[in-house]
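Residue numbers start from 1 in every chain, and the chains themselves are labelled A, B, ... in the order their sequence lines are given, proteins ahead of strands.
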Amino acid sequence: ELKVEQNPLFLSMQEGKNYTIYCNYSTTSDRLYWYRQDPGKSLESLFVLLSNGAVKQEGRLMASLDTKARLSTLHITAAVHDLSATYFCAVDLAGSSNTGKLIFGQGTTLQVKP
Amino acid sequence: KAGVTQTPRYLIKTRGQQVTLSCSPISGHRSVSWYQQTPGQGLQFLFEYFSETQRNKGNFPGRFSGRQFSNSRSEMNVSTLELGDSALYLCASSYQGRGLFFGSGTQLSVL
C-alpha cells in the first residue's frame with residue numbers, strides 16, 4: 001500500500017527565514033504533486049514533478065524530487081506571511097499517472113510570523 | 001476558462017438522510033475525481049470517473065456512489081448518512097495526467 005508521509009506537520013517560522021518541508025513515499029510513483037490549501041478554501045496546484053532530479057521554482061517556493069530516495073522537498077526561501085497555509089504533497093501509483101487517484105500526505109501547516 | 005464548479009457549497013443533513021453533490025469539471029476535462037477531507041483522516045480518494053465509467057475506487061462503503069454524465073459533469077451520492085460522513089467533499093478534474101484541479105468543495109455537516 002502506498003503511503004505518503006510529510007514532516008513536519010506543523011511549522012511556525014519567522015518572516016525572512018528559510019525552511020524545508022519533507023515528503024516521503026513508500027513505493028514507486030510516476031509523479032509527485034504539491035498543493036497549497038488556505039483555511040476554508042480548496043487546493044491550489046503548486047508543482048508537478050515528473051522525473052528524478054526534477055526541480056521547479058515559483059517565487060519563494062522550490063520543489064525537488066529524488067525518486068531513488070522516494071523523497072520530495074518543498075523549500076521556502078525568506079518566508080513571508082502570505083505563505084501561511086497548509087501544504088500537501090501527493091503521489092500517484094506507478095503506471096496510473098493519467099488517472100485522478102492520488103495519495104496525499106497529512107499536510108504541513110505553515111505559520112509565518114512577522 | 002472556468003474552473004471546477006461544485007454545488008452546493010454547504011449542506012446540513014441529519015443522520016439517515018441521503019445527499020447528492022454535484023461537480024462540473026473544467027471544459028475539456030473528461031476525468032472527475034472525488035475526495036473526502038476530514039481533520040482526522042486527511043484527504044482520502046473516493047472514486048474517479050472517466051467517460052461515464054468508474055475508473056478507480058477508494059476504500060469507502062457502498063453508501064458512497066457516483067456517476068458521470070455525457071457532458072462530464074459528475075454527481076456523488078451518500079445514502080444513509082452517518083455522523084462520520086461530515087466532511088469537506090472535493091471534486092477535481094484532470095486532463096492527461098497534468099495534475100488535479102480542485103473545486104471549492106461542498107462542506108457537509110451531518111447532525
Among the listed options B:Ser104, B:Gly105, B:Ser93, the residue most often paired with chain A at heavy-atom distances under 4.5 Å: B:Ser104
CZ/B:Phe60: more than 12 non-hydrogen atoms of other groups inside 6.0 Å: yes
CG/B:Asn59: more than 12 non-hydrogen atoms of other groups inside 6.0 Å: no
Side chain, backbone, both or neither of B:Tyr35 within contact of chain A (heavy atoms, under 4.5 Å): side chain
Atom pair CG/NZ of B:Leu88 and A:Lys41 - distance to nearest 0.5 Å: 12.5 Å
Spatial distance of atom CG (B:Leu43) from atom OH (A:Tyr35) [nearest 0.5 Å]: 10.0 Å
B:Phe101 side chain reached by A:Leu43 side chain, heavy atoms, under 4.5 Å: no
Same apolar cluster (I L V M F W Y, side chains within < 4.5 Å links), A:Val91/B:Leu46: no
Closest approach of A:Leu102 to B:Phe45 (non-hydrogen atoms, all atoms of both residues): O-CB, 4.2 Å
Taking every non-hydrogen atom, the tightest pair across B:Phe102 and A:Ser42: CB-OG, 3.2 Å
Enclosure of B:Ile12 CD1 (heavy-atom neighbours >12, cutoff 6.0 Å): no
ring-ring contact (aromatic ring centres under 6.0 Å, His included) involving B:Phe50 - partner list, sequence neighbours excluded: none
Heavy-atom neighbours of A:Lys113 NZ exceed 12 at 6.0 Å: no
More than 12 heavy atoms of other groups within 6.0 Å of B:Phe64 CZ: yes
Heavy-atom pair with the smallest gap, counting every atom of A:Phe88 and B:Gln37: CZ-NE2, 3.6 Å
Considering all heavy atoms, the nearest B:Ser31-A:Gly100 contact: OG-N, 4.3 Å
Over 12 foreign heavy atoms within 6.0 Å of CZ, B:Arg63: yes
Region of B:Leu90 that comes under 4.5 Å of a non-hydrogen atom in chain A: side chain
Which atoms of B:Arg9 approach chain A - backbone, side chain, both or neither, heavy atom under 4.5 Å: side chain
